[in-house]
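In what follows, chains are A, B, ... by sequence order, proteins preceding strands, each numbered from 1.
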Number of protein chains: 2
Amino acid sequence: MPDEPVTLEQVAAAAGVSRSTASRALAGKARECRISPKTEAAILLAAKGLGFQPSHVARSLRNRRSGLIGLLVPDASNPFFAAIARKATVFAERHGLSTLLADSHDSIEHEKELLQHLQSRQVEGLIICSIGGTHEHLRSLERTGASVVVVDRWFADVHLPTVTSDNERGALLATTAILKQGHQQIGCLQGRPGTSSNDERLAGFKAALASAGASQDACLIRGDDFSEASGYRAACELLDEHPSLSAMFAFSNQNALGALRAFSERKLNVPHDISLVMFDDAPFAEYLAAPLSVIRQDVEAIGHRAAELLIDQIRTGQRPQELLHRLPVEFVARESIGSPRKPAKATDP
Amino acid sequence: MPDEPVTLEQVAAAAGVSRSTASRALAGKARECRISPKTEAAILLAAKGLGFQPSHVARSLRNRRSGLIGLLVPDASNPFFAAIARKATVFAERHGLSTLLADSHDSIEHEKELLQHLQSRQVEGLIICSIGGTHEHLRSLERTGASVVVVDRWFADVHLPTVTSDNERGALLATTAILKQGHQQIGCLQGRPGTSSNDERLAGFKAALASAGASQDACLIRGDDFSEASGYRAACELLDEHPSLSAMFAFSNQNALGALRAFSERKLNVPHDISLVMFDDAPFAEYLAAPLSVIRQDVEAIGHRAAELLIDQIRTGQRPQELLHRLPVEFVARESIGSPRKPAKATDP
DNA sequence: AGGCATTGCACAATCGATTGTGCAAGCTAT
DNA sequence: ATAGCTTGCACAATCGATTGTGCAATGCCT
């Protein structure tokens with residue numbers, strides 16, 4: 001910004017003292033540094049008068065503490081990550097830390113690059129939701145002993161503090177609710193395979209099918225990532241290939257929206273023609289044509305816990321004892337799960 | 001982070017040269033600074049070998065350029081601001097700038113405080129959506145010549161570059177669409193009075209009513225801010241006080257969700273019993289019980305333009321010629337606007 | 001061979017705040 | 001009166017990278 005900021009030097013000059021004295025007085029160390037009340041007052045007055053704002057940059061250099069944390073997510077506009085960002089920012093601010101936001105655009109290359117940028121900015125800690133695929137950069141973080149918290153997804157070969165939901169249980173709950181209504185075939189609109197949040201949900205889904213003795217038809221799983229496009233494609237494929245399909249489980253809000261588009265194009269009514277459950281609640285869920293039954297995860301709690309774990313690491317310099325923090329989920333029954341329509345065609349073509 | 005980062009000093013030592021030479025070589029100034037290819041190669045090798053990451057902090061201090069921009073919004077988890085945050089972050093990153101996120105929690109006090117924090121971090125530019133109320137801190141920004149872009153809301157006595165939607169036209173479009181269906185009374189669920197985005201929408205609303213010769217019943221305007229709670233309260237009040245009300249215009253997504261809750265509690269069907277339009281499209285809008293007709297604003301364009309204007313200011317050191325940037329809006333007709341129900345009771349009680 | 005230009009690099013100041021050390025002035029004690 | 005202590009503050013180094021200036025060593029020319 002154009003205006004040259006006021007420096008400590010100028011405050012010191014205005015008060016007729018040296019920088020060191022000014023610095024100590026402003027740091028509130030007047031007493032312990034034996035600065036006379038008179039001098040202290042003069043310094044404080046000068047600082048106030050000049051509108052002195054200490055330079056965080058200079059301070060960071062000298063103290064070797066940037067006062068910065070990084071937040072690296074695949075998509076900052078996704079409500080899930082936006083909520084985490086908010087919680088983390090506010091919590092960090094309360095501890096005197098500012099938050100650098102970085103958006104990897106679902107690309108592992110960007111992610112690695114942004115991680116470098118954040119590190120060269122000397123961030124004191126990092127909350128990251130990795131795309132996955134390769135983990136070398138995460139393992140490197142693990143080795144260097146950096147303060148890091150991984151959110152939403154964890155990786156088997158990376159041992160970093162992680163905060164996520166009880167995905168498997170959530171998926172089990174959702175699938176069970178569907179099965180209870182008598183559905184035989186359930187289409188699964190999955191997110192990005194390889195991410196723990198996806199694979200755990202898949203595990204819950206399969207576990208529910210298994211314990212219900214349902215046929216484990218793996219073909220009924222489709223989808224590439226957590227996007228609406230993926231949900232739409234997956235739903236279309238399943239609908240076209242399995243006309244008798246009577247229920248679907250979407251692994252994300254976006255996936256569900258894609259499915260709804262596919263249903264709407266085919267004039268399929270929820271829950272009359274087809275049932276739907278989605279993972280992760282959303283404000284709009286209860287106002288949809290058929291209020292959506294969902295697995296609710298406590299996104300705010302995830303953000304809060306992540307920030308908490310991070311700050312603790314920064315303060316103590318140590319990783320927490322417990323590495324994996326799983327937050328509970330809850331099945332919210334609304335009206336999107338019905339009985340299967342009469343089996344006009346009981347079998348797939 | 002625990003690991004002591006590699007400094008330029010160490011690179012220089014490893015290459016057997018001085019810091020200055022190492023610095024120039026790494027800056028790609030080998031040729032113009034007459035550094036021999038041999039020496040250059042040695043330095044580059046040493047830097048690569050040691051994994052040298054230049055310290056942004058030190059660089060910022062010396063260059064008097066932090067490479068930081070600030071993003072100060074009332075609610076980072078609101079999809080509108082989250083989208084802007086994403087666009088701004090990505091655009092900034094492309095220009096070598098990192099983004100500091102700050103969330104004022106809809107509080108002017110927090111806003112002012114966070115602004116100070118951002119300034120003491122030497123941000124080179126700022127994108128801000130102010131709560132409003134008092135503007136002294138904004139006027140101060142105006143005076144100092146700081147690089148700033150105001151988004152969504154502008155203030156009459158603050159002359160800073162601003163990016164917002166054509167709110168008045170949007171509201172006019174929406175209201176006209178309702179009036180065309182023959183509605184006589186339209187409830188207006190407004191956002192925060194005093195913010196330009198609210199007041200302009202209000203102006204458009206009133207203008208449409210006026211040009212249609214409808215009765216200007218000011219009592220039909222309710223609401224305190226853009227939240228769901230406000231939308232809910234406003235809708236309840238209007239519904240209870242004016243049973244014959246047949247249409248509503250919600251000034252935000254959240255306001256609309258609140259209205260839907262009120263409708264749902266009263267078993268009111270959209271659009272059969274009551275029509276609804278909302279300002280700002282949302283992915284879910286077309287999948288609601290009655291797909292919502294909306295005024296779509298191009299949120300991504302707002303974010304992009306804001307970032308663009310900011311970077312330009314930072315690079316040129318000058319404010320743009322045009323201060324007010326209004327982005328076009330679009331009326332998207334779906335199914336939430338119907339004819340008024342038969343006037344069983346044509347008049348208010 | 002001596003003068004001059006060029007090449008190749010080192011020295012040192014700088015950005016702004018922090019902090020260990022040192023040094024005078026003032027006071028007490030003997 | 002002088003040694004010895006406290007009080008009150010200044011000096012200077014430091015964090016890490018950048019950059020203007022200066023100084024050798026080499027090469028070229030006549």
Side-chain angles (χ1 to χ4, degrees), chain A residues 1 3-44 46-47 50-68 96 119-122 124, chain B residues 1 3-44 46-47 50-68 96 119-122 124:
Chain A
M1 310 215 175
D3 263 22
E4 288 304 310
V6 179
T7 72
L8 183 63
E9 178 86 53
Q10 300 171 36
V11 174
V17 300
S18 73
R19 287 177 315 200
S20 40
T21 306
S23 173
R24 290 186 244 251
L26 291 169
K29 297 181 188 164
R31 280 298 84 71
E32 67 186 280
C33 286
R34 300 169 317 187
I35 293 170
S36 70
K38 196 178 304 182
T39 309
E40 183 189 10
I43 294 171
L44 260 34
L50 294 171
F52 173 66
Q53 288 270 85
S55 159
H56 254 291
V57 172
R59 194 174 270 178
S60 298
L61 181 58
R62 166 70 213 211
N63 295 344
R64 310 167 123 276
R65 295 200 50 226
S66 65
L68 253 29
Q119 286 183 303
S120 79
R121 288 219 178 256
Q122 261 84 50
E124 293 180 39
Chain B
M1 310 213 178
D3 261 23
E4 288 304 309
V6 179
T7 72
L8 184 62
E9 178 86 52
Q10 300 171 36
V11 174
V17 300
S18 72
R19 285 177 317 198
S20 41
T21 305
S23 172
R24 291 188 242 252
L26 291 170
K29 297 180 185 165
R31 279 300 81 71
E32 66 186 280
C33 287
R34 299 170 318 190
I35 292 169
S36 70
K38 196 178 306 181
T39 308
E40 184 189 10
I43 294 171
L44 262 33
L50 294 171
F52 173 65
Q53 289 269 83
S55 159
H56 255 290
V57 173
R59 194 175 268 179
S60 297
L61 181 58
R62 164 71 212 210
N63 295 344
R64 313 167 119 278
R65 296 201 48 227
S66 65
L68 251 30
Q119 286 183 304
S120 79
R121 287 218 179 257
Q122 262 82 49
E124 293 180 38

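Here B:I35 lies in heavy-atom contact (under 4.0 Å) with sugar-phosphate atoms only. Nucleic acid contact class of B:S20 (heavy atoms, under 4.0 Å, all strands): base. As judged by a 4.0 angstrom heavy-atom cut-off over every strand, B:K38 is placed among residues making no nucleic acid contact. B:R64 comes within contact range of the sugar-phosphate backbone alone, with a heavy-atom separation under 4.0 Å but no base atom that close.
Closest approach of A:L68 and B:R121 over heavy atoms only: CD1-NH1, 3.3 Å. Taking all atoms of both residues into account, the shortest heavy-atom contact from A:R24 to A:I35 is CB-CD1, 3.8 Å. Smallest separation of non-hydrogen atoms from B:V11 and B:I43: CG1-O, 3.9 Å. For A:A12 against A:A22, the heavy-atom pair with the smallest separation is CB-CB, 3.9 Å. Taking each heavy atom of B:A14 and B:A46 in turn, the nearest pair found is CB-CB, 4.0 Å.
The residue among B:Q53 and B:R34 whose nearest nucleotide of DNA chain D is located toward the 5' end is B:Q53. Nearest-nucleotide mapping onto DNA chain C: of A:R24 and A:V57, the residue sitting toward the 5' end is A:V57. Comparing B:T39 and A:S23 along DNA chain C, the residue whose closest nucleotide (by nearest heavy atom) sits nearer the 5' end is B:T39. Both A:S36 and B:T21 sit near DNA chain D, but only A:S36 has its closest nucleotide nearer the 5' end.
Between the side chain of B:S23 and the main chain of B:R19, no donor-acceptor pair closer than 3.5 Å is present.
Bracketed by its first and final contacts, the part of DNA chain D lying under 4.0 Å from non-hydrogen atoms of chain B reaches from D:dG16 to D:dG20 in 5' to 3' order.
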Test log, rule side chain to side chain contact (heavy atoms under 4.5 Å, CB included), inputs B:L8 and B:L26: CA-CA 10 Å; B:L8 184 62; B:L26 291 170; 3.7 Å; yes

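One end of the helix from C:dA1-D:dT30 to C:dT30-D:dA1 points its axis 70° away from the other end's axis, with each axis taken from 5 pairs and the angle rounded to 10°.
At least one side-chain heavy atom of A:E40 sits under 4.5 Å from a side-chain heavy atom of A:R31.
Residues that satisfy the side-chain contact (heavy atoms from CB on, under 4.5 Å) test with A:S55, not counting sequence neighbours, are A:V57, A:A58, B:Q122.
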